Amino acid sequence: MADLPRLLVATTNAGKLREYQDMLAGLPVRWVGLDDVGLAGVDVEETGTTFWQNALIKALDYARRANLPTLADDSGLEVDALNGRPGVYTARYAPTVAERNAKLLKALKGAPDEARGARFVCVTALATPDGLTVTAEGTLDGRIGHAPRGVHGFGYDPIFMLPDGRALAELPPDEKHAISHRGRALARIRPLLEYVLAHPPMR
Ligand code: IMP
């Protein structure tokens with residue numbers, strides 16, 4: 001294992017690192033998180049106005065700091081009735097998860113199902129220390145429910161309804177990963193990642 005190249009995931013969240021390992025299982029890399037490379041305290045400001053910009057900003061910055069190929073993502077929720085908001089501000093929509101969900105339910109109060117369309121978006125970016133970048137986007141369409149449901153997942157999952165009538169928080173992790181915006185973005189970036197890992201920079 002020791003001679004496998006290291007791949008940094010730009011997160012301090014052990015759960016997210018595990019998700020990446022699960023969804024990209026079988027890649028010939030040694031997975032490391034920001035804690036493992038002494039960058040846990042380094043916050044990169046998300047100054048972009050698109051998911052794509054923010055994912056690239058993070059991947060490039062941490063790749064240079066760690067001198068390692070780095071995966072970063074930016075994700076959020078676009079609500080049709082709010083003209084695509086909260087979008088890149090999804091994590092900053094309100095101070096806590098409970099307040100964010102309550103604020104969104106309130107914003108859509110009284111709206112019928114057909115006016116509650118929404119999608120999760122995730123852009124994953126891979127950057128190498130010498131500046132090579134690739135990105136991939138995944139989306140998951142649904143609508144905002146009327147009350148929280150389900151015990152799985154995190155964030156907005158309890159109020160995000162799938163076309164089959166289940167809330168995203170009612171899906172066990174494997175089932176969510178198979179259809180989620182993040183799962184789709186990672187599935188799309190996988191062959192690009194394999195290519196980049198097989199072609200280290202020429203010096
Ligand atoms: P990020 O960490 O900057 O990408 O922020 C993502 C925001 O979108 C956070 O508020 C998350 O709670 C929310 N979010 C992203 N993906 C999901 C998901 O799969 N389920 C629920 N909330 C999500």
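Model, not experiment: these values are computed from the prediction. Ligands are counted one by one from 1 in listed order, and the atoms in each one are counted from 1 as well.
- Side-chain contact between Glu175 and Arg166: present, with at least one pair of heavy atoms (C-beta onward) separated by less than 4.5 Å.
- At a threshold of 4.5 Å between non-hydrogen side-chain atoms, the residues Leu24 and Arg190 count as touching.
- Protein residues having a heavy atom under 4.0 Å from any atom of ligand 1 are Glu46, Asp74, Ser75, Gly76, Thr90, Ala91, Phe120, Phe154, Gly155, Tyr156, Asp157, Lys176, His181, Arg182, listed by chain and number.
- Other residues, nucleotides and ligands place more than 12 heavy atoms under 6.0 Å from the CG atom of Asp164.
- Using a distance-only test at 3.5 Å, with no hydrogens or angles considered, a donor-acceptor pair links the side chain of Arg116 to the main chain of Gly145.
- A side-chain contact (heavy atoms from CB on, under 4.5 Å) with Tyr62 holds for exactly one of Val9, Leu71, Leu8, Leu68; it is Leu8.
- Using a 4.5 Å heavy-atom cutoff, the side chains of Leu171 and His152 are not in contact.
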